[in-house]
Structures are given as C-alpha cells and as structure tokens.
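So the structure is just underneath, and the comments pick up after that.
Residue numbers begin at 1 in each chain, while the letters A, B, ... track the order of the sequences. Just so it is clear, the values below take in all heavy atoms, side chains as well, and ignore hydrogens, waters and symmetry mates.
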Amino acid sequence: MSVKPRLSRGLRDLLPESMIARQRLIDTVRGIYEIYGFSPLDTPAIEYLDVLSGSAGQEAQQSIFRVTNPEKEDLGLRFDLTVPLSRVVSQHSGISFPFRRYQVAQVWRADKPDPGRFRQFTQFDLDAIGAPCGRADVEIIAAICDSLSAIDAGPYLVRFSSREILNLLLRRAGIRQERAAAVFRVLDKLDKIGLGKVKLELTSGYTDSSGDRIRGVGLSAAQVEVIEEFLSVSGATRSEVLRKLVALFSSVPDSTEQLDVIDGISSTLDALGYHSDRVALDVSIARGLAYYTGPVFEAVLLDAPRFGSVFGGGRYDNLVSRFGGPPIPATGASMGVDRLLAAMEHLGRVRPVKTAAQVLVSVMDETLAGQCMRVAFDLRRAGIRTEIQVAPGKLGKQLKRANRLGIPYVVLIGSNEAERGVVTVKQMAVAMKQGAGIKGHGEWRQARFGQREVARGKVAETLRSLLDHAS
RNA sequence: GCCGACGUAGCUCAGCUGGUUAGAGCGCCUGAUUGUGGAUCAGGAGGUCGAUGGUUCGACUCCAUCCGUCGGUACCA
C-alpha cells in the first residue's frame, strides 16, 4: 500500500518558481539591514511552551503548534521572532546592548489559513534591544522605507502612531487602563470594517451578516464621541496632524511631553528625507498586540491595500523583563514575507522565474560529454549560472527544456563543433522572434535561428557580454 | 472557532430526475528527414468520481460523518 503524498492544512511547498523571487527579495532586504549595521541571529524553531506563551493571553496559546521531545517536555513551535529574541537577550549575559539584530525565519501559527495566510510562514524581523525611544524608532521606520523601495514594491505608505497617544485618548475619554487592550483591538479594525461597525463594537456590539454575535466593549455614547473626534484627526503632513493633536489634548495633563516624543521622531524623519508622502502619522493605527508601549507602525502597498499590512511593528519596552531583570527598552518591525510576495505577485511586480540558470549546455552526443562538461565548468568559473544536460535525450527535448524553464542561452556541442574547436551559442529569444512567421516544421528546424559559432576559448567571454547587454 | 457554498484527470470543467466500459479543452509523453524549441497533424498515458459508512437490485448522482477547498466572520502575539 503506497502512501498518498499530501500536506496538512495551511502548509505548502515553495517550488523553485516561487523560491527564486523570494530569495532575491530576502537578499535585497538583508542587504539593507546590513547597511544599517544590524547583525544576523538564528534561534531554534522549537521553544519551551512557557517561554512562548507567557507574553500572550491564553487565547493566543491556542494557535501555538505544540510539540514534544523524547523527554516528554511541553514544547511549541515559535509563532514569531520577537519572543525568542527577548529570551536570547535575557539568557545570554554576555550580550552588549544595544543589541541590534535581524532574523529571517519560518514561524508557525495553528490558525485557520486564508488566502495569502498560511500556518507556516516567513518573517523577516529587525529589532533594536536596549534602545530607548527616539533614534532607534526612526531607523526602524527608515529601514522599512528603504526595504520597500529596494525591492521595487511600488508605492507604499508607512503609517505610524503611538500607544502613548492612544493612552492620552483613554484619559480624555475617561476609559480605564484595563479596557485599553480591548479598545485598541477594535480601533485596529477601522480600516477593515469602517467607523460604523467600530462604534457599534465599542458600545453594545452587533450581529454580523452571517448571524454571528459580535460582543461589544460596552463604552458609553459620550466616550465613543470622544473617540470619534480623535479618529477624525488627519492632515496632509505629520506636523499638521500633530498640531491638531496638541489642540485636542490640551486639557490632558502631560500631553505635550508625550506628543513631543512623536514630534521628535517626525522631524528627524523629515530631516533624513522620509516625508509625509510615505510616512504618515495616522492616529487610527493601534496594532492589536498588547505588548506595545510606544510608537507603533505598519506599512501597506498603496496599490494592494487588500493584502493588509506587509510590515508591522512598534516599541515594546516591557517584553524582555518577563524573563526577570529590569525592563529593557526595545523596538522593531517584522516584514511578512509571504504576504508581501503575494501582494507583489498580485501587482505583477514579481517576475516568475523557473530556474536560476542562464545557460544550458546541451549534450547531443554522449562521446562528447566530457567536452561539454569542460565548457560548462569554464562558464561556471566565469560566474555564469550554468546547467549541463544531465539526463540523456534528443537535442529537441533539451531545447524544449530550456524554452520552458526560460533559460535564455543554449550551448550546442556536436561533432561539427568538436572537429573545429568551436561551440554554437543559441539565443532562444532571438530565434523565436526570427522564426515567428514560419509554418512548416522542417523549415523551422533547418533555419537554426539565433545561432553563432564561437571559439572554445571564447565561450565564457561571449556569453558574459551577451548577458550583460541583455540586462 | 462560527455561518454558508463546493469537492469528477496535473489545471478548468461536462456528466439529464440514481442505470452497463466516466468525457472534453488545456497541459504532459511519443512521433511526423535520425543536430533544433514554436505552429500544425497523428498517437498515447493519466481518474478506486475527496474519505468512510448507510439507503438501494444498482450510487459520481440520495443520506450521515469526517477531511479538504472557497466565501463571510472572528483571531492574528
């Protein structure tokens, strides 16, 4: 009885066609983070369950994939990279702060999968631990911008706000701090469900179209009015929004100090060239997450708003202290690699590439295979990504393979070439263009479009110049 | 998690109110002067009809449960 090949729910294979674009994106972003002087970190996929679940509520524990080991300990797969990071900085006493690291790795959540949302997915995190509010947040936001620009994701907007601004709102509206998490979670949905439903959910709740009862937070009408007034604060620039916030919160004690922090971040961003057209102060950004304590931010692709935020992050000054010791100020952001790729694919900004190979060295005649191999290795040593035909087959089949995989050049070495110490270089695209009008099979075959003979010693040089001109 | 729809070849689907050997297009493989992709033509492979149980003389078709997919909603550290 054979085993049926299959994958469990929410898991998927990433075939070469997906992996090539993905790795290029990751390489590009890694380059940005290294330019910023961040260092790489890796941690195990498996952590102790209590290490993972401490920070999150019990509802969060449900989405942890549980595992065990031969010692029968309770373990789980990491659901993000921030919690393992806070373990690392608490556990390794030799670490010197600020600890600025990046990490790209798989994480797992046992949630219901949705389009573009899987149970195993990749996050690319950038964090600075031991960095108080200010420059560290600025450089995280700047790195988000530089990454989105570098990967050519199209127009984007980083929106940021601050938990402290939201706390001012709570004080102005007379909402107790214990309700903060519930209120923020509802506010975070503004984009998705609109003001009307947000207001309902903040008060009495409502019954949605599927008949599901949505529980309300139970605020008073007067409190919701204050929130609505706050949410209507907007402006063309960050400084305009800030001016309005200063006016709005003038009656709340200490509000200017809190808003000065945001003002500082905003003006530094301006000085560095990150202006309001791509980094907006948007008071509706709450981030659902409970552990944020200061600035919070997220990024969307403006042409693909339905994919939601492709970066998310914020300041979490208390997270590390749950492993004991003093609070360590920290800030960071996480790129949703899968979501970002899905959005860019949707926008046609990811060119599908089936293979990394630029050249296929065909093998027409097994007795000449040695020569073919030598040519292939000459190309490889010249830095040209080269596949050599490793399975037997007719030339037609080999060309078909190159065509299908999108390999732009094929090197042909048969007895004709071998006798004269040359090889034939075929440019697949040129041949396709030249043969466009041809109807008959025989004529097509004999025309041998897009081919040129090159001396054996010049193959690498020739292909190098062809490739350079093509790109 | 909850509500709803759906599940037939690798993909997109057809299959009349239950009735013999389940079809098409695309894709794939082979071939059409043995050293040439494409187009065209000719062949071919591939499905225990999502799984299990039930109703029936008989089930791809009806029923139940499970699994999965899609849509909505919730969640998203």
Side-chain angles (χ1 to χ4, degrees), chain A residues 4 6-11 52-64 76 78-86 107-119 121 123 181 185-186 188-189 192-193 197 201 205-215 287-292 298 308-309 312-314 316 319 322 334 336 339 360 362-365 368 393-408 410 412-418 424 426-451:
Chain A
K4 189 176 183 184
R6 66 212 169 101
L7 280 174
S8 94
R9 193 170 200 207
L11 305 180
L52 291 177
S53 50
S55 70
Q58 63 242 55
E59 78 284 348
Q61 285 194 40
Q62 291 177 349
S63 55
I64 296 176
R78 63 180 170 218
F79 55 80
D80 77 358
L81 301 177
T82 312
V83 169
L85 171 64
S86 59
V107 302
W108 293 264
R109 293 185 192 175
D111 294 330
K112 179 194 155 191
D114 274 324
R117 189 175 148 184
F118 305 92
R119 283 181 170 171
F121 57 101
Q123 288 195 333
R185 186 153 20 80
V186 177
D188 197 45
K189 295 190 217 171
K192 211 172 148 191
I193 65 178
K197 283 186 177 175
E201 196 166 341
Y206 63 98
T207 304
D208 75 21
S209 54
S210 73
D212 234 22
R213 180 75 199 156
I214 310 291
R215 213 174 52 248
R287 304 297 300 161
L289 204 43
Y291 64 52
Y292 289 126
E298 59 185 49
S309 56
Y316 48 99
L319 184 61
R322 79 186 183 80
S334 179
R339 199 184 271 195
L360 173 68
S362 69
V363 177
M364 287 184 242
D365 178 344
L368 298 172
K394 296 205 251 185
L395 181 60
K397 216 174 148 182
Q398 300 182 32
L399 286 165
K400 197 169 186 169
R401 173 182 174 79
N403 194 43
R404 256 187 226 163
L405 293 179
I407 302 174
V410 177
L412 298 89
I413 307 166
S415 51
N416 296 346
E417 286 85 357
T424 297
K426 185 175 182 79
Q427 293 182 263
M428 299 299 279
V430 168
M432 189 66 97
K433 199 181 255 177
Q434 291 175 345
I438 290 183
K439 291 271 192 284
H441 189 56
E443 195 187 339
W444 166 277
R445 286 168 98 169
Q446 272 162 31
R448 304 192 173 180
F449 291 121
Q451 296 185 194

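- Stacking between W444(A) and the base of G38(B) is present: ring centres sit under 5.5 Å apart and the planes differ by under 30 degrees.
- Here the nucleotide nearest the side chain of R185(A), chosen from U36(B), C75(B), G31(B), is C75(B).
- Nearest-nucleotide assignment on RNA chain B puts the 5′-proximal partner with M364(A), out of W108(A) and M364(A).
- Distance check on atom C1': U69(B) versus C11(B) gives 15 Å, rounded to whole Å.
- Look at the C1' atom in both G44(B) and C49(B): the space between them is 23 Å, to the nearest Å.
- Taking side-chain N and O atoms only, K397(A) has no distance below 4.0 Å to OP1 or OP2 of U36(B).
- Proximity of M428(A) to N403(A): side-chain heavy atoms (C-beta onward) are separated by under 4.5 Å at one or more points.
- When the C1' atom of U73(B) is taken as reference, atom CG of D111(A) falls 14 Å away, rounded to whole Å.
- A donor-acceptor pair is defined here as one N or O able to donate and one able to accept, closer than 3.5 Å; no such pair exists between the side chain of R119(A) and the backbone of L11(A).
- The same atom, C1', is picked in U56(B) and in U73(B); the two are 41 Å apart, to the nearest Å.
- G50(B) and G68(B) are spaced 7 Å apart, taking the C1' atom of each and rounding to whole Å.
- Judged by distance alone, the side chain of E417(A) and the main-chain N or O of G414(A) form a donor-acceptor pair under 3.5 Å.
- Distance CD1 (I64(A)) to C1' (G1(B)): 17 Å, rounded to an integer number of Å.
- Rounded to an integer number of Å, the gap from CZ of R119(A) to C1' of C76(B) is 13 Å.
- Regarding I413(A), its CD1 atom lies at a distance of 13 Å from the C1' atom of G35(B), rounded to whole Å.
- A 4.5 Å side-chain heavy-atom check between K426(A) and L412(A) finds at least one atom pair inside the cut-off.
- C13(B) sits 11 Å from A9(B) when the C1' atoms are compared, rounded to a whole Å.
- Taking atom P on both U55(B) and U61(B), the two are 15 Å apart, rounded to the nearest angstrom.
- Nearest nucleotide to the N403(A) side chain, out of G37(B), U36(B), C76(B): G37(B).
- In this model, no donor atom of one side chain and acceptor atom of the other lie less than 3.5 Å apart for T424(A) and Q451(A).
- No engagement by G435(A) is indicated, since no non-hydrogen atom pair under 4.0 Å with the nucleic acid exists.
- Regarding contacts with the backbone of G31(B), a side-chain N or O of K394(A) is found under 4.0 angstrom from either OP1 or OP2.
- Put simply, CD on E443(A) is 16 Å from P on A39(B), counting in whole angstrom units.
- Among the duplex regions that RNA chain B forms, those built from at least three successive Watson-Crick or G-U pairs under 3.5 Å are B:1-7 with B:67-73, B:10-13 with B:23-26, B:28-32 with B:40-44, B:50-54 with B:62-66, ordered by first number.
- A distance of about 9 Å separates the C1' atoms of G15(B) and U8(B), rounded to the whole Å.
- Contacts of S362(A) with the nucleic acid, taken as non-hydrogen atoms under 4.0 Å apart, are absent.
- Looking at N416(A), its side chain comes within 3.5 Å of the base of G35(B) through a donor and an acceptor atom.
- For the atom pair CG of N416(A) and CG of D365(A), the computed distance is 10.5 Å after rounding to the nearest 0.5 Å.
- Of the residues near RNA chain B, L412(A) and K439(A), the one whose nearest nucleotide (by heavy atom distance) lies more toward the 5' end is L412(A).
- Distances shown here put every side-chain N or O of R445(A) at or beyond 4.0 Å from the OP1 or OP2 atom of G38(B).
- If you check every strand for non-hydrogen atoms under 4.0 Å, R401(A) touches nothing.
- Looking at heavy-atom distances under 4.0 Å, Q398(A) makes no contact with the nucleic acid at all.
- Evaluation of atom-type donor-acceptor distances gives no pair under 3.5 Å for the side chain of K400(A) against the base of U36(B).
- C57(B) and G18(B): their P atoms are spaced 15 Å apart (whole Å).
- For R404(A), whose side chain is taken as the heavy atoms from C-beta onward, the closest listed nucleotide among C29(B), G37(B), U36(B) is C29(B).
- Residue I438(A) holds its CD1 atom at 4.5 Å from CD of E443(A), rounded to the nearest 0.5 Å.
- When the nucleotides G31(B), C76(B), G35(B) are ranked by their closest atom to the side chain of S415(A), G35(B) comes out on top.
- One interatomic measurement links the two molecules: CE of M432(A) to P of G37(B), which rounds to 10 Å at whole-angstrom precision.
- For Q446(A) against U36(B), no side-chain N or O and base N or O form a donor-acceptor pair under 3.5 Å.
- The nearest whole Å value for the distance from the CE atom in M428(A) to the C1' atom in U36(B) is 8 Å.
- A distance of 10.0 Å separates CD in Q123(A) from CZ in R339(A), rounded to the nearest 0.5 Å.
- In this structure, the NE2 atom of H441(A) is 13 Å from the P atom of G35(B), given to the nearest Å.
- Between S362(A) and L395(A), the closest side-chain pair of non-hydrogen atoms falls below 4.5 Å.
- Expressed to the nearest 0.5 Å, how far CG of L52(A) lies from CD1 of I64(A) amounts to 5.0 Å.
- Within 3.5 Å, a donor on the side chain of E417(A) pairs with an acceptor on the base of G35(B), or the reverse.
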